[in-house]
Amino acid sequence: MKRRSIAIDGPAGAGKSTLARQVAKELGFLYVDTGAIYRTVALKTLRCGVDASQSQQVIPLLDHLDIRMDYGPDGGQRMFLEGEDVSQAIREHQVSGIASQVAAIPAVRDFLLEFQRKLAREHDVVMDGRDIGTVVLPQADVKIFLTAAPEARAKRRLLELEQRGASADYDTILRDIIQRDEQDRSRPVAPLRQAEDAQLVDTTALNLAQSLQALLAVIKEKIVL
Ligand code: DC
């Protein structure tokens with residue numbers, strides 16, 4: 001049976017993971033958060049004391065990298081590094097910047113490419129990331145580029161952190177978002193960009209429910225469910 005795939009790309013904080021998860025639930029597809037996979041590689045470099053900006057230090061780690069993924073009872077994606085559940089640890093702020101650095105290394109991207117494609121061969125997927133529509137699944141049935149103004153993304157992130165009881169500062173968050181966007185857009189391999197055949201969805205002025213409706217409308221135009 002031909003598997004169906006929905007690629008959702010876009011910058012950090014546009015609501016990709018929340019929305020992609022909801023879309024997957026609605027359609028009964030598997031949700032794949034590819035950022036979490038890059039974050040797990042980043043955590044490995046951090047734990048090994050390796051400088052993630054130096055590709056020659058990171059590449060040898062790939063030979064023995066033991067990464068696994070599964071889905072918990074609530075349907076949430078869990079990441080395992082050497083058998084340890086690191087789903088929480090990879091969300092640490094420090095890991096975000098390192099993930100963006102390791103994601104710029106071509107050997108890391110090549111290493112993870114087959115991992116991601118295999119998932120799409122075996123399941124109907126909603127996959128979110130930066131290069132899903134352009135590189136990982138260029139034949140995806142639906143491609144969406146989800147974005148929002150940096151200020152809107154920073155505000156949402158601030159709210160999320162405050163709700164979790166974490167202390168946060170708007171200016172720092174905004175600066176980090178802009179810096180990470182720049183790093184992800186300007187790297188030579190698989191940079192963050194909208195695929196030519198992707199539909200742009202800008203959520204700056206939309207709340208979560210409206211964003212979900214906008215995404216489902218695009219999807220229903222392209223595939224028969
Ligand atoms: O979506 P996220 O913030 O969890 O992603 C972490 C980093 O991984 C992000 O800076 C860019 C990178 N990434 C990537 O390069 N390609 C992907 N498909 C997913 C994430």
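Source: prediction; values computed, not measured. Just so you know, residue 1 is the first one in the sequence shown, and it goes up from there.
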Heavy-atom pair with the smallest gap, counting every atom of [X] and [Y]:
X      : Y      : value
Val135 : Ala190 : CG2-CB, 3.9 Å
Leu161 : Ala168 : CD1-CB, 3.7 Å
Arg180 : Ala12  : NH2-CB, 3.4 Å
Leu19  : Leu208 : CD2-O, 3.8 Å
Ala52  : Val102 : CB-CG1, 3.9 Å
Cys48  : Leu61  : SG-CD2, 4.0 Å

ask   = When Asp33 is tested against each of Arg21, Arg91, Lys16, Arg78 for salt bridge (charged side-chain N to carboxylate O under 4.0 Å, His left out), which residue passes?
value = Arg91

Does any non-hydrogen side-chain atom of [Y] lie less than 4.5 Å from one of [X]?
X      : Y      : result
Glu182 : Gln179 : no
Phe29  : His123 : no
Leu192 : Pro11  : yes
Ile6   : Val125 : no
Met69  : Thr40  : no

Roughly how far, to the nearest 0.5 Å, is the [atom2] atom of [Y] from the [atom1] atom of [X]?
X      : Y      : atom1 : atom2 : value
Gln101 : Asp184 : CD    : CG    : 11.0 Å
Leu43  : Gln94  : CG    : CD    : 9.5 Å
Gln22  : Ser17  : CD    : OG    : 10.5 Å
Gln116 : Glu114 : CD    : CD    : 10.0 Å
Met127 : Leu119 : CE    : CG    : 5.0 Å
His93  : Ile98  : NE2   : CD1   : 10.5 Å

query = Is the count of non-hydrogen atoms from other residues, nucleotides or ligands lying under 6.0 Å from Gln88 atom CD greater than 12?
reply = no

Are [X] and [Y] connected in the hydrophobic side-chain network, where two residues link if heavy atoms are under 4.5 Å apart?
X      : Y      : answer
Leu206 : Ile8   : no
Phe115 : Ile132 : yes
Leu30  : Val23  : no
Leu46  : Val86  : yes
Val189 : Val41  : no

ask   = Sequence neighbours excluded, which residues qualify as salt bridge (Lys or Arg N to Asp or Glu O under 4.0 Å) partners of Arg156?
value = none

inquiry  = Restricting to salt bridge (Lys or Arg N to Asp or Glu O under 4.0 Å), what partner residues turn up for Arg175, sequence neighbours left out?
reply    = none

Listing, residues 137-147 side-chain donor-acceptor contacts under 3.5 Å, not counting sequence neighbours, or none:
{"unit_1": "Asp141", "atom_1": "OD2", "unit_2": "Ser5", "atom_2": "N", "d": "2.8"}
{"unit_1": "Lys143", "atom_1": "NZ", "unit_2": "Gly133", "atom_2": "O", "d": "2.9"}
{"unit_1": "Lys143", "atom_1": "NZ", "unit_2": "Pro138", "atom_2": "O", "d": "2.8"}
{"unit_1": "Lys143", "atom_1": "NZ", "unit_2": "Asp197", "atom_2": "OD1", "d": "3.1"}
{"unit_1": "Lys143", "atom_1": "NZ", "unit_2": "Asp197", "atom_2": "OD2", "d": "3.3"}

Any side-chain to backbone donor/acceptor pair from [X] onto [Y]? Under 3.5 Å, distance only.
X      : Y      : result
Arg117 : Val136 : yes
Thr45  : Ala42  : yes
Arg109 : Ala103 : yes
Arg153 : Ala148 : yes
Thr204 : Ala149 : yes
Gln57  : Val50  : no
Asp124 : Arg4   : yes
Tyr71  : Tyr31  : yes

Counting only pairs under 3.5 Å, give me each side-chain donor-acceptor contact of residues 210-222, with atom names and distances, residues two or more places apart or in other chains.
{"unit_1": "Gln210", "atom_1": "OE1", "unit_2": "Asn207", "atom_2": "N", "d": "2.8"}
{"unit_1": "Ser211", "atom_1": "OG", "unit_2": "Asn207", "atom_2": "O", "d": "2.8"}

message = For Thr18, give me all partners under side chain to side chain donor-acceptor pair (under 3.5 Å), at least two apart in sequence or on another chain.
response = none

remark   = Sequence neighbours excluded, the answer for side chain to side chain donor-acceptor pair (under 3.5 Å) partners of Ser96 is Arg39

request  = Evaluate the side chain to side chain contact (heavy atoms under 4.5 Å, CB included) criterion for residues Leu81 and Ile67: first the C-alpha distance (whole Å), next the side-chain angles of each, then the deciding distance (0.1 Å), finally the verdict.
outcome  = CA-CA 5 Å; Leu81 176 62; Ile67 285 187; 4.3 Å; yes

ask   = Does the pair Glu82/Arg47 count as a salt bridge with the N-to-O cut at 4.0 Å?
value = no

